[in-house]
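Take a look at the structure below.
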Protein chains: 2
Amino acid sequence: MRDELTACPVETTLLLINNRWKVLILRELLDGTKRFGELKKAIGSISSKVLTSHLRSMEESGLVDREVFAEVPPHVEYTLTETGNSLKPILDAMKEWGTDYQAKINSELKEAKDN
Amino acid sequence: MRDELTACPVETTLLLINNRWKVLILRELLDGTKRFGELKKAIGSISSKVLTSHLRSMEESGLVDREVFAEVPPHVEYTLTETGNSLKPILDAMKEWGTDYQAKINSELKEAKDN
DNA sequence: CTGAATCCTGATGGATACTG
DNA sequence: CAGTATCCATCAGGATTCAG
């Protein structure tokens, strides 16, 4: 996993969304702009540190915009960029496939139980 | 990453292909049945151990079929199952997105250089 | 040829405490 | 509120060696 140059576009995509947390963040933000705290609460089991680091990484990749409001207490909003939003079809495809897959697994489990 | 129960289908999908190696294996096998050695050679920088473990995992997930020929020297073939093949649209979507993304990055780099 | 067994490493993520 | 700073445990993955 040492490549800066990822020849294959599939790998490039994977580098940006191969992570569970990134996908969860993506899913939340596809829903619209959210604040740091909202993200943390929505995702639930993520620590501040990890959330921050992934948001930073996604910002660097150009998927997410970070807007800081000069207020006390602090107020920071995260929004998907156009590039980030363009990942939606992939997420949707994954959702659809995952749904089918789960259904398949469940029916297999049921069959096994019936025998 | 402690969930056995992944409520979200997107996460389910991610569990199966969130890995660089798995995707590379997938890509090779989308091309048709391959032997262990062929996979190893095609992927290049993967160790036997890692290749084996991912193939096993994908077999368990029902993405890959493993066929052993009772010969000396050993001969083992790996083939995508129907379920495995059904991931192709996702891979394609990722490939397309990655291509666009790379193009975008490159054009940005070029702009930066022009200034 | 197709692995299995070991050992080792860095990186990732979780827990916790602290701050402007 | 939105992080940063530390420390620690885990684990995937690489190198190497051996085996049926």
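A, B, ... follow the sequence lines: proteins, then strands. Residue 1 opens every chain. Because the structure is predicted, anything quoted here is derived from the model rather than measured.
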| Could you give the CD-to-P distance, from A:Glu38 to D:dG3, as a whole number of Å? | 13 Å

Can you pull every protein N or O that's under 3.5 Å from an N or O on nucleotides 4-12 of chain C?
residue	atom	partner	partner atom	Å
C:dA4	OP1	B:Arg56	NH2	2.8

| field | Rounded distance in Å - CG (B:Leu39) to C1' (C:dC1) | value | 13 Å

| task | Any side-chain hydrogen bond (donor to acceptor under 3.5 Å, both in side chains) involving residues 91-101 of chain B? Give me the pairs, sequence neighbours left out, ordered by first then second residue. | result | A:Ser86-B:Trp97, B:Lys88-B:Asp92

| Between B:Arg35 and B:Glu77, is the closest basic N to carboxylate O distance under 4.0 Å? | no

| A:Leu55 CG to D:dG3 P, straight-line distance once rounded to whole Å | 8 Å

| Considering only heavy atoms, which members of residues 69-77 of chain A lie under 4.0 Å from some atom of DNA chain D? | A:Pro73, A:Pro74, A:His75, A:Val76

| message | Tell me the closest heavy-atom pair linking A:Pro89 and A:Asn85, and the distance in Å. | response | CD-O, 4.3 Å

| query | Over how many whole Å does the gap from B:Glu59 atom CD to C:dT2 atom P extend? | reply | 15 Å

| message | Can you tell me if A:Tyr78 touches the phosphate of D:dC1, counting only side-chain N or O atoms and a distance under 4.0 Å to OP1 or OP2? | response | no

| Separation of A:Leu51 atom CG from D:dA5 atom P, in whole Å? | 16 Å

| Angle between terminal axes - the helix from C:dC1-D:dG20 to C:dG20-D:dC1, 5 pairs each end, rounded to 10° | 50°

| query | How close or far is atom P of C:dA15 from atom CD1 of A:Ile46, stated in whole angstroms? | reply | 12 Å

| task | Nearest whole angstrom, please: distance from the P of D:dC1 to the NZ of A:Lys34. | result | 17 Å

| said: Using whole Å, what does the distance between atom P of nucleotide D:dG13 and atom CH2 of B:Trp21 come to? | reply: 8 Å

| query | Does A:Arg35 have a side-chain nitrogen or oxygen under 4.0 Å from the phosphate oxygens OP1 or OP2 of D:dA2? | reply | yes

| message | I want to check something: taking the side chain as every heavy atom from C-beta on, are B:Ile25 and B:Leu51 in contact at a cut-off of under 4.5 Å? | response | yes

| task | Scan for ring-ring contact (aromatic ring centres under 6.0 Å, His included) pairs involving residues 74-96 of chain B, sequence neighbours excluded, and state none if there are none. | result | B:Phe69-B:His75

| note | Closest non-hydrogen contact found for B:Leu16 with B:Lys22 is O-CD, 3.1 Å

| If we only count heavy atoms from C-beta on, is the A:Lys40 to A:Ser48 side-chain gap below 4.5 Å? | yes

| Hey, are B:Arg56 and B:Glu60 close enough for a salt bridge, meaning a charged N less than 4.0 Å from a carboxylate O? | no

| request: Would you check if B:Asn18 and A:Asn19 make a side-chain contact, meaning some heavy-atom pair closer than 4.5 Å? | output: no

| said: Once side-chain contact (heavy atoms from CB on, under 4.5 Å) is applied, do any residues pair with B:Ser45, and if so which ones, sequence neighbours excluded? | reply: B:Arg20, B:Trp21

| Shortest non-hydrogen contact from B:Thr13 toward A:Met94 | OG1-O, 2.6 Å

